[in-house]
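Here the structure comes first, spelled out in structure tokens, and everything after it is commentary.
In what follows, chains carry the letters A, B, and so on, assigned in the order in which the sequence lines appear, proteins first and then strands, with residues in each chain numbered from 1. These numbers were taken from a predicted model, which means no experiment stands behind them. Every heavy atom of this structure was used, including side-chain atoms; hydrogens, water molecules and symmetry mates were not.
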Amino acid sequence: MIRFILADLQRLQAGAMIVVLLVAFATALGMAVRIEERALRLGSARAADRFDVVIGAPGSETQLVLSSIFLQPSPLALVSGDVLKQLSEDPRVDHAAPVGFGDSYHGYPIIGTTAEFIEKSGFRIEGEGRNFSALSEAVVGARVPMAVGDEFSPQHGLAGQAAEEHHEMSYRITGRMEPSATPWDRAILVPIEGVWHVHGLGLGPGEEGYHDGHDQHHEHDDHDHDEEHDHDDEHGEHHIEAGHLGPPWPSDMPGVPAILVKPRTIANAYQIRGDYRTETAMAVFPGEVLTRLYATLGDARLVLTAIAIGTQMLAGTAVILVTMAHLSQRRRQIGALRAFGAPRLAVFAVVWSELLIVIGLGVAAGIGLGYAGAKALAILFARQSGMALPVTLEMSDLAFAGMLLAVAALIAVVPAIYAYRQSPAAALRG
Amino acid sequence: MLDLEMENVAVRYPDLPQPALDLPRLLVPAGSSLAVTGPSGAGKSTFINVITGLERPSAGAVRWKGQDIARLSEAARDRWRARNVGLVMQEFHLFPGLDAMENVLLPARFRHPRLPAGFRDRAAHLLAQVGIGTGRRGVETFSRGEMQRVAIARALLARPGVIVADEPTASLDGESGAAVCALLTALAGTEGATLIVVTHDTALSGRLDRRIVLTGGRCTGDSAMEAA
Ligand SMILES: Nc1ncnc2c1ncn2[C@@H]1O[C@H](COP(=O)(O)OP(=O)(O)OP(=O)(O)O)[C@@H](O)[C@H]1O
Ligand SMILES: [Mg+2]
């Protein structure tokens, strides 16, 4: 009987292929939407997890979060350096670190921050490496293809733009971070002072020649923190001393695009968010911003899910139609089986199992296709953003596929019953 | 070897004014052969369906060796037919993709989860008798005459007490038709089966013990009556 079913399926190849493709496509779509959506949630939540409060200049909260946590290049307005100084001296704050962008190296964004941030934000430095401790030192993320000891000169411009090299400044890599599956894996972390320096903002370690060749002022320069002219006046104390990096900050320092703040307690987090919602600053909880973003994306997901369900229903209907059309062609074949004495149940079993085999193949192919599709999307996404989307096949996905199969098994009963009830006399009539 | 006794058999269809089949009495002795002829629409296929249990008559008894199959359930008729009837049809109803041997064994495979011992040898023997080799070639590549000979071997596999054929030569050319005629009558003889054949083929009907003519569902001619 199995041989008969296989021979039958082989004979019906064309129709079977159509059904397999239909089912595979419908299953894959549903699978991919499920997998990708979960991966995006998980991946972004994971990335946002390490950061409690983000403070920037007033503007788009989403953009602030996307820029500071997902390191998406975008021209953020700067928040005054005083805010950073205040925060880092605030007893409610465990640590507060600036995030400064601007330059890149072969597409990898160079992020200016503090050594303290790397230590305290849960990034771990691999093996022999160590944190940066001088202006010309850098720590790279796990996806940056450079090794400890390598040297490089940053290229001007945001990641992804054509760039000229800043030959005057070069960094030596002192450490690599362990993978965090976040966009920070693509980042090159350097002392924020270096970023300021390269763009002629603020002062490096008090050397006269420090600003040479840095007249190309960034759009951020409108903040009055250029130090070129007050270099010789009495504000000498805000010059960062040679070799001194990170906090305590001088009283008059350049603005930064974003500040990542780790409060000591949850209550402190709420206080700080309240305190820094002012005319000049905006404090947000990244998790909250993401949740709001999901809500917006939720509509898109709903549409996708609806499309997937619609496709599945269409596929189901098409399968029934194909099968029924095909069954009426098979009336005589089925009648003949009965005429030779095949029991009705055997006829039912033949039709049902043939359909189930075909649909099962479709669902299996659909799982593979959906997973591969989700994976491919995730890889593309990770290459672009550095954020790993954890594409996983979970029990619930298999349960989902199992549910599709169960529905299909039920649907397949319809033609099988039709075949079961068919009169065997049909075999003899023309 | 089975004898057939039909009594007051009528087959009525809802949208037909008179019965498609109306046979007050028909006896077919065990081991004899009967040809059924008649114009199109006369009820010949209906007759076949009724005597093989494919269709239940609206009234009357169809007794094979005393057992009235008109009173059996559908499943029981299927079982009875599998055991007792060898069917040969105008359309051969062979299953493409399977070779001759598998086609001959197919009805048995549907009845037995495991093929009983001896079926394979029996099938090979029958195929040899109808002059078909046991190659692995799918039957869809066979000629029509070869296909009908495979169908005859299939009909005989379970050593049925009766062989029933509906226009077995109608879709064959003269030569293969003649071969099929010869095989059917010869094999029914050696197997000791009752043979009932619907046919327009006079060469075939001429070889059989008795001929009846159906017209409008009624028996309008019977060689046994004329002889008497
Ligand atoms: N299921 C049915 N419902 C209604 N009428 C039917 C049905 N089956 C057969 N008939 C009618 O019964 C009559 C006898 O049909 P049958 O098939 O037995 O004729 P036949 O003698 O085999 O004809 P042919 O030589 O063309 O095969 C025909 O008029 C046919 O239209
Ligand atoms: Mg007919």
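Residues B:Leu106 and A:Phe340 form no side-chain contact, since every pair of their non-hydrogen atoms from C-beta on lies 4.5 Å or further apart. Annotation: side chain of A:Arg3 is in contact with side chain of B:Arg109 (closest heavy-atom distance under 4.5 Å). No side-chain heavy atom of B:Glu102 sits less than 4.5 Å from a side-chain heavy atom of A:Phe4.
In this structure, A:Arg338 and B:Asp78 approach most closely via the heavy-atom pair NH2-OD2, 2.9 Å. Residues B:Arg81 and A:Ala339 approach most closely at NE-O, 3.1 Å, considering heavy atoms. In terms of heavy-atom proximity, B:Leu54 sits nearest to A:Pro424 at CD2-CB, 3.4 Å. Shown here for B:Leu98 and A:Ala7, the closest heavy-atom pair between the two residues is CD2-CB, 3.6 Å.
For A:Val350, the part lying under 4.5 angstrom from a heavy atom of chain B is the side chain only. Looking at B:Arg83, neither its backbone nor its side chain comes within 4.5 Å of chain A, counting heavy atoms on both sides. Neither the backbone nor the side chain of A:Gln10 comes within less than 4.5 Å of any heavy atom in chain B. The part of A:Arg11 that comes within reach of chain B is its side chain, from C-beta onward, which places non-hydrogen atoms under 4.5 angstrom from that chain.
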*Which is it for B:His93 and A:Gln333 under the side chain to side chain contact (heavy atoms under 4.5 Å, CB included) test, yes or no, and what are the steps along the way?*
CA-CA 7 Å; B:His93 288 301; A:Gln333 187 210 22; 5.7 Å; no

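The structure places CZ of B:Phe110 at 4.5 Å from CG of A:Leu337, a figure rounded to the nearest 0.5 Å.
The stretch residues 64-77 of chain B places B:Glu74, B:Ala75 near chain A, each with some heavy atom under 4.5 Å from a heavy atom of that chain.
Residue-environment remark: CE (A:Met324) exceeds the threshold of 12 foreign heavy atoms within 6.0 Å.
Heavy-atom pairs under 4.5 Å with chain A were tallied for B:Glu55, B:Arg154, B:Arg79; the largest tally goes to B:Arg154. In terms of heavy-atom pairs under 4.5 angstrom with chain A, the leader among B:Gly97, B:Pro107, B:Pro96 is B:Pro96.
B:Arg111 contributes a side-chain N or O that, together with a main-chain N or O of A:Gly341, makes up a donor-acceptor pair within less than 3.5 Å.
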